[in-house]
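Here the structure is laid out as structure tokens; the discussion comes afterwards.
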Amino acid sequence: MSVQENIRRLDSRGVPVREIARTLGVSRASVAKYAEQEDFSPAPPAPLARPGASVLTGFEHIIERWLGEDQRRPRKQRHTAKRIFDRLVDEHGFTGTYSPVQRHVKKWTARNRQAGEGFTELVWPAGTVQVDFGQAEAIIAGIRQVLHIFVVSFPFSNMRFVQGYRGETAECVCHGLRRVFEHIGAVPRHMVFDNATGIGRRVGTKVVETKLFGAFKLHYRAESRYCNPYSGHEKGNVENAVGFLRRNFMVPEPEAATLAGLNEVLLARCDALASTTHYRKGLPLGELFTQDVAASLELPGVGFDPVRYESRKADKTGNLLIDGNTYAAGPAFHSRSLTVGLRHDVIEILDEHSEPIRSFPRAFGRQTETIFEPASLVPLLVTKPGAWSHSPLRALVTDPVRDWLDQATATDRRRLLNAVDAASGSAGFDAAMQAADTLIRRGDQPDMAALGMLARRMAHGTEPAAANVDLSVYDTFTTLNTTTGEVA
């Protein structure tokens, strides 16, 4: 700018163009250009167009025809630039590279964008939450596993809470919401869900919710709303929260003895977010969160029990098919109509009088083996000891017990299994089998009296630990008579 200013200053004094060029060391053309220029107002930058790609000549109309036809197709079944490039190569012998095709598609898309496309900023009042699931790995009891992380975010304050589950069922959602509600001491008035959260779906203007979640809303007097299909941006706060919590809380993979223990740690770490500052409002999240809580409803006096009851009929072996997995109620319940209680972590089986008979950890995903309680199979084996060799119980006992039962006669096998069955009722199956293993290793007869007594002592922790006995201590009590040679 200093050279241009000098040119115009000297020109305004009437200095000839030749002399200005000689004085400033510039060309006479430059002097004439800046001396005669009338407008020096700033202008917007002009886009630098790349040279035209002659390799696309003759293919432009094909590309634009395909893109035009896409406007009548579902959004997720339209051509990408890569798909257009592949089709040009396969169907029309295109010999160019991908880059000019990509640039042409980008320009066409920009020119033909509709006025109503794009996103708008949404304003969320206090007392509203957004809910979603994500996935992350964790190490529970030494086993690496994929958890479904349940995230509840408050878009007004940007506070976020997370819990880990092994599935994405309605029972998990209701349990997670109850945990968050009781943790903050309030119930948000409005809840916004994704269409795939497991508690309801929106198809057009119609919303269909599960009975369990309907009861949950009635219990807490809260309202729900569902995003439009394929419109995750409508709950962008929780979408961002899923990524934030996964990056900050799950890297490296957290380790815990139990899933419940991990969830306690996660809630504590979420509470620590209250001291951070809101990215836009400039206030601590905790201060804004007090407004979220103040705008929410009070907790009811009783917490909601997120359990779903269904009727099932056991087959001839006493097994039930639940969510694609087989659970064993026990042979005594074959062909009977039973009730199944499905919780987020437990499958509970009840008889015709709603009395609990079995309880199993809930399995998510397809399990190839029947899920059973070992003690439930023992009474049948007492009646039919010949079924031992093909019983699923055989793989669960220790080698000494397995070998003893494999070689025993039917009478001896029935006797030991009967003793295990009797001891299981008072001491538990594990203690009963441990007692049988101990007796067999000692070479003792595992009869009912000895096995039952030993199992109860092991169950109550009163059985002394086995140890090698040092008998040399008895030598101190003996003396040798040197006269007669007798030991006294």
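- Heavy-atom contacts from other residues, nucleotides or ligands closer than 6.0 Å to CD of Glu298 number 12 or fewer.
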Full working for side chain to side chain contact (heavy atoms under 4.5 Å, CB included) between Trp66 and Ile84: CA-CA 8 Å; Trp66 289 344; Ile84 288 176; 4.1 Å; yes

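- In this structure the side chain of Pro306 never reaches within 4.5 angstrom of the side chain of Phe216, judged on heavy atoms.
- With Arg336 contributing its side chain and Asp351 its backbone, the two residues share no donor-acceptor pair below 3.5 Å.
- Asp292 places none of its side-chain heavy atoms less than 4.5 Å from the side chain of Pro188.
- Heavy atoms from other residues, nucleotides or ligands lying under 6.0 Å from CZ of Arg73 number more than 12.
- Val173 is listed as a side-chain neighbour of Phe133, based on a closest heavy-atom distance under 4.5 Å.
- Cation-pi contact between Arg160 and Phe244: present, with separation from the ring centre below 6.0 Å and deviation from the ring axis of at most 45°.
- In this structure, Arg308 contributes its side chain and Leu342 its backbone to no donor-acceptor pair below 3.5 Å.
- Formation of a donor-acceptor pair under 3.5 Å by the Asn325 side chain with backbone atoms of Gln367 is found in this model.
- The backbone N or O of Leu321 lies less than 3.5 Å from a partner atom in the side chain of Arg312, making a donor-acceptor pair.
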Working for side chain to side chain contact (heavy atoms under 4.5 Å, CB included), residues Tyr309 and Ser354: CA-CA 11 Å; Tyr309 290 105; Ser354 297; over 6 Å; no

Verdict with reasoning, Arg362 to Arg166, per side chain to side chain contact (heavy atoms under 4.5 Å, CB included): CA-CA 9 Å; Arg362 184 169 181 176; Arg166 291 188 170 89; over 6 Å; no

Residue pair Leu381, Asp421: steps toward the side chain to side chain contact (heavy atoms under 4.5 Å, CB included) verdict: CA-CA 10 Å; Leu381 293 175; Asp421 185 37; over 6 Å; no

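- Distance alone, capped at 3.5 Å, places no donor-acceptor pair between the Asn418 side chain and the Arg414 backbone.
- Between Met250 and Leu266 there is a side-chain heavy-atom pair separated by less than 4.5 Å.
- For the pair Leu262 and Leu147, the minimum side-chain heavy-atom distance is below 4.5 Å.
- A distance-only check finds a donor-acceptor pair linking the side chain of Arg78 to the backbone of Asp70 [under 3.5 Å].
- Ile199 places none of its side-chain heavy atoms less than 4.5 Å from the side chain of Met191.
- Counting heavy atoms of neighbouring residues, nucleotides and ligands inside a 6.0 Å radius, atom CD of Glu91 exceeds 12 of them.
- Under a 3.5 Å cut-off, the side chain of Arg246 and the backbone N or O of Ala136 do not form any donor-acceptor pair.
- Judged by distance alone, the side chain of His460 and the main-chain N or O of Arg456 form a donor-acceptor pair under 3.5 Å.
- Side-chain contact between Arg394 and Asp406: present, with at least one pair of heavy atoms (C-beta onward) separated by less than 4.5 Å.
- Among Phe304, Tyr220, Phe161, the single residue meeting the ring pair (Phe, Tyr, Trp, His ring centres under 6.0 Å) criterion with Phe181 is Tyr220.
- Here the side chain of His219 pairs a donor or acceptor atom with the backbone of Val302 at under 3.5 angstrom.
- Contact of the Arg343 side chain with the Glu171 side chain is not registered, since no non-hydrogen atoms from C-beta on lie closer than 4.5 Å.
- Every residue two or more places apart in sequence or in another chain that forms a side chain to side chain contact (heavy atoms under 4.5 Å, CB included) with His278 is listed here: Asn158, Arg280, Lys281, Leu285, Leu288.
- A side-chain donor-acceptor contact under 3.5 Å links Gln130 to the backbone of Asn237.
- For His175 and Tyr165, the distance between ring centers is under 6.0 angstrom.
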